Amino acid sequence: MPYLDAITGPAMGRRYPLENSQYVMGRHPECDIVLESGSVSRQHAKISKSGASFVLEDLKSRNGTFVNGRLINESTKLLEGDTIRICDIELNYHEEVESSALTASPASENSALGILIVDDGENSSASRSVTAKLDVRGSQYGLQLSASPEAKLSAILEIMKNLGRAVTLDDVLPKVLDTLFTIFIQADRGFIVLNDDEGQLKPKWVKTRRPDQEEMVRVSRTILREVMQTKEAIISLDAGSDARFELSQSVADFRIRSMIVAPLLNSEGEPIGAIQIDTVQQKGGFEGKDLEILAGVANQAGIAIENAQLHEQMVQQRLVEQDLELASQVQLAFLPKEAPKIPGYSFFQYYNPAQQIGGDYFDYIELENNRIAIVIADVVGHGVAAAMFMAKLSAEWRFAFATIDDPRLALATLNDRITALGVEKFITMAVIVLDYVAHKATIVIAGHMPPIMLKSNKLIEEPGADVGGPPLGIMSDIPFDAFELEIKPGESMTMYTDGIFEAPNAQGTQFSIDRVRQQVAACAGNIEKAGSEIINQVTKHIVGCEQEDDMCLVIVGRDA
């Protein structure tokens, strides 16, 4: 019967028999094969039976489906041994189950710390030299060591105490190996391998009895995977007879005679790595009861390693949070702390990023001849990258509009400077240059929504909609037009970003531009009331939901 083997990801080691004619794979819990990863689409790909074979089809997923590293665009027939990759999850396709077959990760050689993990080939027997096995899925407090000598028991108590105090991997791993060498005086070499973020085994720590044993050693990936998948510790009293355990040719006098391998399990009983000790001694090697001892130590070490990993993740996360807090403070320094104070005019301003930092932007620049430039902008996306681009925009727009009198030329110059950066992001922007003595405004727009203008007759207009140019950063040498108008007493202009009107509620319904217009009209020229009511209504609309995008709102109006 054909089947899939998960070789990376949360379900690593799981087998999926292909008994039916069709299987949908994806993140949704109702899929036939559920792939637990945030980057996987809800319904990502489909495997269907075609004659005696199976074919794979991508279901228009966001990140695509790959077979043997190649992105597929049409139904692809699966062959024996094909590797299917869906985001960070890999599965191997096999035509039928063979009793001697063992799942191994894709062939690769990863060396570190004197250890080279190698694959063994499809036809090798992983159990040929295994003398005994022991299931380690028992109590988290380890296995009963009633047959252990007093010295070994003392050493085990010491390792448990050390593991209880260790808080980092650099503390945990050497303590484990040091104490094992005290317990097993016949051991010549020990090492610990752990799964990395991609589910690949990586050597993390190695210890040898003598300096001349520190040469590169070839270690079986399959035997490590076997103990992790079965969650069974194994002991081999004749490892030297198995070609998979041969050492590198540069150390001809070092031959493993006996070895013990145990899985490292986390608090949920899932494998996170393996620990191995071995010896070259023909006599006085390991004994059957040593399997039980190493399994007990590995049981405790797995919990300690998981705790150390969680501690390191918490420390790293706190450092990231501190950086983001500082970045948020820096970003806020780019934004006006208070609105301009111009006789006869009122202002309202609001800024709230979806994350700690964002890509929305607003600002004011005092110009010559009784003028002020008011800008609102939105860098595509949000988060760190958008915030960094926003910081660059802040400097560039101030330079352009402060040195070039014509708003059209100033916006064109700004576009050329942003495009020249070569960053694959674009910016939408709307600028109002207000002459607060002549009571006239010039509007220039680059891919942004035009301001919503409340007229003195209480009607709503959107000036500048017909003269808007493309967003900044797409193409250079673009001319921009301007729209000029007079501002009468009681009239106002509302500028906003898409985080306001596109804000969805729990049902997915967006707040909408129409509701923004309605609030502007309903407040009848009261600038503070209009701004506060728009924000209040948006906040009520998204109650119970996370804010998906940055929000920015600026209103300028002439007093009645």
Side-chain angles (χ1 to χ4, degrees), residues 26-30 36-43 62 317-318 320-322 324-325 327-329 331-332 334-339 346-362 376-387 390 428 430 448-454 458 460 462 492-557:
R27 192 179 75 247
H28 196 280
E30 293 184 1
E36 298 179 354
S37 175
S39 54
V40 175
S41 297
R42 293 168 64 85
Q43 292 184 333
R62 294 193 309 271
Q317 180 63 30
R318 182 54 188 158
V320 172
E321 290 175 355
Q322 290 175 348
L324 288 175
E325 288 172 4
S328 178
Q329 295 173 15
Q331 184 180 41
L332 290 177
F334 285 104
L335 304 177
K337 292 182 174 58
E338 58 183 23
S346 298
F347 289 82
F348 177 90
Q349 61 188 40
Y350 175 84
Y351 178 83
N352 186 24
Q355 301 173 5
Q356 286 178 285
I357 52 179
D360 281 8
Y361 178 69
F362 76 99
I376 192 166
D378 184 0
V379 177
V380 62
H382 47 269
V384 175
M390 183 273 273
T428 67
H448 203 83
M449 293 74 65
I452 298 174
M453 185 171 188
L454 177 67
K458 310 305 179 185
I460 293 292
E462 296 185 26
S492 67
M493 286 181 286
T494 299
M495 308 167 73
Y496 54 97
T497 59
D498 56 8
I500 298 285
F501 68 86
E502 289 183 351
N505 61 13
Q507 290 73 42
T509 303
Q510 295 182 349
F511 185 75
S512 79
I513 295 179
D514 280 342
R515 293 188 63 178
V516 177
R517 297 184 183 117
Q518 291 169 12
Q519 292 303 321
V520 170
C523 294
N526 187 323
I527 304 302
E528 181 66 30
K529 181 179 179 181
S532 299
E533 192 61 27
I534 290 172
I535 299 305
N536 182 51
Q537 291 297 323
V538 173
T539 303
K540 289 181 179 179
H541 180 74
I542 64 173
V543 65
C545 304
E546 291 186 3
Q547 181 180 332
E548 291 192 357
D549 200 0
D550 307 327
M551 295 184 183
C552 188
L553 177 69
V554 176
I555 305 177
V556 55

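Along the sequence shown, residues are numbered consecutively beginning with 1. In this text, all values refer to a predicted model and were calculated from it rather than measured experimentally.
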Output side-chain donor-acceptor pairs under 3.5 Å for residues 534-543, partner residues at least two apart or in another chain, one line each.
residue: Gln537; atom: NE2; partner: Glu533; partner atom: OE2; Å: 2.8
residue: Thr539; atom: OG1; partner: Ile535; partner atom: O; Å: 2.8
residue: His541; atom: ND1; partner: Arg515; partner atom: NH1; Å: 3.4
residue: His541; atom: NE2; partner: Ala503; partner atom: O; Å: 3.3
residue: His541; atom: NE2; partner: Thr509; partner atom: O; Å: 2.7
residue: His541; atom: NE2; partner: Phe511; partner atom: N; Å: 3.4

Determine whether more than 12 heavy atoms belonging to other residues, nucleotides or ligands lie under 6.0 Å from atom CD of Glu502. yes
Gln43 and Arg27: CA distance, side-chain angles, deciding distance, side-chain contact (heavy atoms from CB on, under 4.5 Å) verdict: CA-CA 7 Å; Gln43 292 184 333; Arg27 192 179 75 247; over 6 Å; no
Measure the [atom1]-[atom2] distance between [X] and [Y] for me, rounded to the nearest 0.5 Å.
X: Asp549; Y: Gln547; atom1: CG; atom2: CD; value: 7.5 Å
X: Thr428; Y: Tyr361; atom1: OG1; atom2: OH; value: 14.0 Å
X: Thr494; Y: Glu462; atom1: OG1; atom2: CD; value: 10.0 Å
X: Ile500; Y: Cys552; atom1: CD1; atom2: SG; value: 8.0 Å
X: Cys523; Y: Lys529; atom1: SG; atom2: NZ; value: 5.5 Å
X: Cys545; Y: Gln507; atom1: SG; atom2: CD; value: 7.5 Å

In chain order, what residues pass the side-chain hydrogen bond (donor to acceptor under 3.5 Å, both in side chains) check against Thr497, with sequence neighbours excluded? Asp360
By side-chain hydrogen bond (donor to acceptor under 3.5 Å, both in side chains) - contacts of Glu528 (at least two apart): Ser532
Test ring-ring contact (aromatic ring centres under 6.0 Å, His included) applied to Phe348 - qualifying residues, sequence neighbours left out: none
Check ring-ring contact (aromatic ring centres under 6.0 Å, His included) between Tyr350 and all other residues, then give those that pass, not counting sequence neighbours. none
Can you find a pair of side-chain heavy atoms, one from [X] and one from [Y], that are under 4.5 Å apart?
X: Met493; Y: Ile452; result: no
X: Asp498; Y: Asp378; result: yes
X: Glu548; Y: Pro504; result: yes
X: Ser492; Y: Leu454; result: yes
X: Phe501; Y: Asp514; result: no
X: His448; Y: Met495; result: no

For the pair Asn352 and Asp550, evaluate side-chain contact (heavy atoms from CB on, under 4.5 Å) and give the outcome as yes or no after the intermediate values. CA-CA 6 Å; Asn352 186 24; Asp550 307 327; over 6 Å; no
Can you tell me how the ring of Phe362 sits relative to the ring of Tyr351, calling it parallel under 30°, perpendicular over 60° and tilted otherwise? tilted
Checking Ser37 now: which residues fulfil side chain to side chain contact (heavy atoms under 4.5 Å, CB included) with it, not counting sequence neighbours? Ser39, Val40, Asp88, Ile89
